[in-house]
Amino acid sequence: MLKGKNIILGITGGIAAYKSVTLLRLLVKAGAQVQVVITPAGKEFITPVTLSALSGRPVVSEFFTANTGEWHSHVDLGLWADAMVIAPATASTIGKMANGIADNMLVTTYLSAKAPVFVAPAMDLDMMAHPSTVANIERLRSYGNIIIEPAEGELASHLVGKGRMEEPEEIARVLDRYFDTVDSLAGKKILITAGPTYEKIDPVRFIGNYSTGKMGYALAEEAAARGADVTVVSGPVAIKAVTPAIKVIDVESAVEMRDACVQLFDDVDVAILCAAVADYAPAEFVDHKIKREEGDPPVIHLKKNPDIAATLGERKRPGQTLVGFALETDNEMDNAIGKLRRKNLDMIVLNSLRDAGAGFGTDTNKVTIIDAAGTVTPVPLMDKHRVAAAIIDHIAAE
Ligand code: PMT
């Protein structure tokens with residue numbers, strides 16, 4: 001898919017710049033025209049001679065060529081590109097991009113780019129975890145930039161953690177997949193449930209769970225990036241959709257979530273039920289704060305909540321795709337397949353709390369996708385955004 005594509009490869013000043021040479025080679029080998037734009041600091045790590053020899057084009061770094069006075073137009077470059085990828089992206093460049101500080105050719109070109117921008121951060125783990133970096137990366141996401149999450153591993157400092165630039169082969173694959181799937185879901189309406197439900201006990205207490213909505217919102221962002229019309233029915237979460245086109249309907253309880261889903265379902269092509277819905281709710285809501293008393297503690301009687309997945313499974317018409325999740329702690333595969341069948345799902349995404357880094361609250365997940373025909377596809381532990389991409393790939397291929 002990269003053949004004939006015009007790609008700007010932005011390189012900044014980090015140790016991982018040496019990997020950009022491999023990325024450049026991979027892109028050129030795949031048939032792309034690559035224009036390298038490098039920051040002054042980037043040149044301390046890798047020479048423009050190497051990069052121009054491999055790309056077959058002079059490397060751009062300054063606004064002017066000093067001896068001829070030739071001006072390098074960031075505007076023309078921005079219009080020329082089908083994609084821009086900044087790899088490695090240092091904390092400093094990410095900060096400048098997030099705040100529009102256009103003091104070098106790379107950031108100026110970024111601000112002029114009309115094409116999608118991919119950002120592959122690389123830095124030490126503490127810099128990566130700093131609230132300033134986290135906020136700047138979130139801001140880039142909100143601008144529609146695609147973050148290629150750094151991997152965990154040994155860093156240049158010899159510390160081990162998150163901050164290693166993703167491998168060039170994977171970055172090339174992300175670009176290739178982008179061109180393959182862009183607009184692949186255009187015109188499709190997708191309903192996604194996310195987060196927990198809260199079942200009220202009294203005005204100050206509820207039954208809930210640890211879901212943060214990260215997995216569901218990552219699915220929503222991924223589907224929206226591929227052109228789908230996305231509505232999220234969301235339980236109470238602290239996160240927000242960064243893509244403005246995503247519609248969010250806030251609900252609290254399982255009954256409210258069921259009602260919102262039933263109202264939307266007939267009109268959608270795909271529903272992905274990622275929410276952690278409480279199976280039980282207090283049989284009665286006590287309208288005042290239950291007081292601590294002497295003697296035996298109060299007993300809370302429970303009633304069954306509606307099963308949203310099963311309700312939608314009964315209403316499903318030909319042509320609709322219904323995807324559920326299964327969160328298990330034991331007997332994972334059998335339980336997931338049981339849910340797939342009982343709820344009339346087309347696909348189920350199994351995650352197990354026995355896998356470190358999977359399930360509630362984490363930035364990562366490890367899942368197994370099982371479809372109605374019994375095909376089993378394991379997806380390794382990765383950032384939830386990349387897991388979301390793998391799940392959406394699967395749905396798009398249905
Ligand atoms: O939000 P995060 O912190 O990122 O965590 C993500 C997650 C762990 C919540 C997510 O990956 C996940 O596993 N979601 C499903 C959790 C769950 O409730 O699984 P379950 O096995 O209990 O339910 C099976 C399926 O039935 C799910 O699609 C669920 O949405 C649905 N269900 C469950 C109960 C119910 N009353 N109605 C339902 O529709």
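Start at 1 and go down the list; that is how both ligands and their atoms are numbered.
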Could you list each nitrogen or oxygen of ligand 1 that sits under 3.5 Å from a protein nitrogen or oxygen, with the atom names and the distance?
| from | atom 1 | to | atom 2 | distance (Å) |
| --- | --- | --- | --- | --- |
| ligand 1 | 1 (O) | Ser211 | OG | 2.6 |
| ligand 1 | 1 (O) | Thr212 | N | 3.1 |
| ligand 1 | 1 (O) | Gly213 | N | 2.7 |
| ligand 1 | 3 (O) | Thr212 | N | 2.8 |
| ligand 1 | 3 (O) | Thr212 | OG1 | 2.6 |
| ligand 1 | 3 (O) | Gly361 | N | 2.7 |
| ligand 1 | 4 (O) | Lys214 | N | 3.3 |
| ligand 1 | 4 (O) | Met215 | N | 2.9 |
| ligand 1 | 4 (O) | Lys384 | NZ | 2.8 |
| ligand 1 | 11 (O) | Asn351 | OD1 | 2.6 |
| ligand 1 | 13 (O) | Asn351 | OD1 | 3.4 |
| ligand 1 | 13 (O) | Asn351 | ND2 | 2.9 |
| ligand 1 | 14 (N) | Cys274 | O | 2.8 |
| ligand 1 | 19 (O) | Leu327 | N | 3.4 |
| ligand 1 | 21 (O) | Leu327 | N | 3.1 |
| ligand 1 | 21 (O) | Lys339 | NZ | 2.5 |
| ligand 1 | 26 (O) | Lys343 | NZ | 3.0 |
| ligand 1 | 28 (O) | Leu273 | O | 2.7 |
| ligand 1 | 28 (O) | Phe325 | N | 2.9 |
| ligand 1 | 28 (O) | Phe325 | O | 3.2 |
| ligand 1 | 30 (O) | Leu273 | O | 3.4 |
| ligand 1 | 30 (O) | Ala275 | O | 2.8 |
| ligand 1 | 36 (N) | Pro306 | O | 3.0 |
| ligand 1 | 37 (N) | Ile308 | N | 3.1 |
| ligand 1 | 39 (O) | Ile308 | N | 3.2 |
| ligand 1 | 39 (O) | Ala309 | N | 2.8 |

Do other residues, nucleotides or ligands put more than 12 heavy atoms under 6.0 Å from Glu138 CD?
->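 Yes - once you tally the heavy atoms of other residues, nucleotides and ligands closer than 6.0 Å, there are more than 12.
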
Over 12 non-hydrogen atoms of neighbours within 6.0 angstrom of OH in Tyr280 |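 Counting neighbours around OH of Tyr280, 12 or fewer heavy atoms of other residues, nucleotides or ligands fall under 6.0 Å, so no.
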
Separation of Asp259 CG from Ser253 OG (nearest 0.5 Å) |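 Result: 8.0 Å between the selected atoms.
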
Is the closest basic N to carboxylate O distance between Arg386 and Glu221 below 4.0 Å?
-> no

Ion pair Lys19/Glu166, N-O distance below 4.0 Å |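 Result for this pair is no, no salt bridge flagged.
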
Listing, residues 309-319 side-chain donor-acceptor contacts under 3.5 Å, not counting sequence neighbours, or none:
| from | atom 1 | to | atom 2 | distance (Å) |
| --- | --- | --- | --- | --- |
| Thr311 | OG1 | Asp307 | O | 2.6 |
| Arg315 | NH2 | Asp266 | OD2 | 3.1 |
| Lys316 | NZ | Asn344 | O | 2.9 |
| Lys316 | NZ | Asp346 | OD1 | 3.1 |
| Lys316 | NZ | Asp346 | OD2 | 3.1 |
| Arg317 | NH2 | Asp266 | O | 2.8 |

